[in-house]
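Here is the structure we will look at.
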Number of protein chains: 2
Amino acid sequence: MTDKKPHHHGNLRAALVEAGVTLVQTGGPDALSIRKVAAAAGVSHAAPAHHFPSLVHLRTAVVAEGYRRFTASMEAAIAEATDTPRDAALGACFGYLRFARANPGLFDMMFGTKDCLYDDPDLREAADTSYAVLARISAPFAGADPVDTELAIWSIIHGFASLAVGGNGMHEAPDLEALFTRLFAALDLNAG
Amino acid sequence: MTDKKPHHHGNLRAALVEAGVTLVQTGGPDALSIRKVAAAAGVSHAAPAHHFPSLVHLRTAVVAEGYRRFTASMEAAIAEATDTPRDAALGACFGYLRFARANPGLFDMMFGTKDCLYDDPDLREAADTSYAVLARISAPFAGADPVDTELAIWSIIHGFASLAVGGNGMHEAPDLEALFTRLFAALDLNAG
DNA sequence: CAGCAGAACTTTACAACGTCAAGTTCACCG
DNA sequence: CGGTGAACTTGACGTTGTAAAGTTCTGCTG
């Protein structure tokens, strides 16, 4: 029953990333600060330095966590649509869109020009896993060059999601998923 | 012909925005700082406060200037393509893509979640002018709902440009414009 | 079990930032 | 000529990222 703490509780690194995700979700990418995640985890402002040598490292870890949740959002939406490959692709897009709308700060951080360590293995793996989902749902429609199909689907859902998230002139459509479904139908996918 | 300076040279506000654009272009959105633009313009660190009550106002002005250059980039590319409406639309997309690649920082700032004063009249006008270009080149393909067509074109070029700018897994294709031309061809545009 | 090496964390410090409050200089108008 | 207000400066405060040095705990070795 001693109050023995290693120094912190169990895993400070994970607690810092969790706090960072919360900060980014509530206050946008710029709300992420070393001192705030430290305070949220109940440690001194310099404690994170041991796990994240600089703010860029912390950002990288938060973005990587973002990609994991992003992948989960797409997988969950795909699981809802068990019919045609087209349904699966559209489902992935819904998961894409839902994630972007639910986590605008993380989404912006993941796909913006925020400096991250793009060579970080953890980030690379998380991002590659996301891309693999996209490649998987695109495969049934692949033409001469599969990358063309992947990029067509990726571009249209990414553009749509980005515009839906930004405050920029995107019409406040009542049902964005129905709207996107029409746009998706305009894509001439082989063997749709 | 006297060397009289009012206090500064001619137009400090414009000089600050110009310096801000340069900062954003070279160092990304976060490199924009009141004190740096003040130093670049050769005034004290508090001088900008008179023209921009806060950093958010300065950001807004820089983003508005970004939209103006963005519009100019699209118009220039449209002017190169004087054939079919399809050529004009594709040209606008090229201008879109070129701007994004040439000014990644500005592009991210314009379409990211950066807090700006979206109600600012100057910004509104600049953004609306950009949207008008898009609506213009989309008009020839309009179906039942013109917005559907605009959004289809906007989404695919915006997504493509965003992905091309980000460090995210976008294949370093040798000729992005040729690649996009193929994607654009997959769009089933009415009366293409 | 003793003791030490190193990891984990704290404390202190510094420069740069946004912003506020005063003070100063200049332009312009009566 | 005088004074009013805009344009700009100076100084200060709190917050940030980061470096350096000190302290406490962990775990392993002998």
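Here is the naming used below: chain letters follow the sequence lines, and residue numbers restart at 1 for every chain.
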ask   = OP1, OP2 of C:dA7 versus side-chain N and O of A:H51: anything below 4.0 Å?
value = no
With 3.5 Å as the limit, what N/O pairs link the protein to nucleotides 10-13 of chain C?
from, atom 1, to, atom 2, distance (Å)
C:dT10, OP1, A:S44, N, 3.3
C:dT10, OP2, A:S44, N, 2.5
C:dT10, OP2, A:S44, OG, 2.6
C:dT12, O4, A:H45, NE2, 2.9

Across all chains, not counting sequence neighbours, the salt bridge (charged side-chain N to carboxylate O under 4.0 Å, His left out) partners of A:D120 are none
Can you tell me if A:H50 touches the phosphate of C:dA7, counting only side-chain N or O atoms and a distance under 4.0 Å to OP1 or OP2? no
Those residues at least two apart in sequence (or on a different chain) that pass ring pair (Phe, Tyr, Trp, His ring centres under 6.0 Å) with B:F99 are B:F70
For residues 31-49 of chain A, the side-chain hydrogen bond (donor to acceptor under 3.5 Å, both in side chains) pairs (sequence neighbours left out) are none
Atom CD1 of B:I34 and atom P of D:dT9 are separated, to the nearest Å, by 14 Å
| For the ring pair B:F160 and A:W154, is the centre-to-centre distance below 6.0 Å? | no
A:S54 meets the side-chain hydrogen bond (donor to acceptor under 3.5 Å, both in side chains) criterion, sequence neighbours left out, with A:H57
Double-helix bend of the helix from C:dC1-D:dG30 to C:dG30-D:dC1, axes at both ends from 5 pairs, round to 10°, gives 10°
side-chain hydrogen bond (donor to acceptor under 3.5 Å, both in side chains) filter on B:S138, not counting sequence neighbours, yields none
Contacts of A:D145 meeting side-chain hydrogen bond (donor to acceptor under 3.5 Å, both in side chains) (sequence neighbours excluded), chain-then-number -> none
The ring pair (Phe, Tyr, Trp, His ring centres under 6.0 Å) partners of B:F184 (sequence neighbours excluded) come to B:F180
Q) Does OP1 or OP2 of D:dG17 have a side-chain N or O of A:S33 closer than 4.0 Å? A) yes
Between B:P53 and B:K36, the residue closer to the 5' end of DNA chain C by nearest nucleotide is B:K36
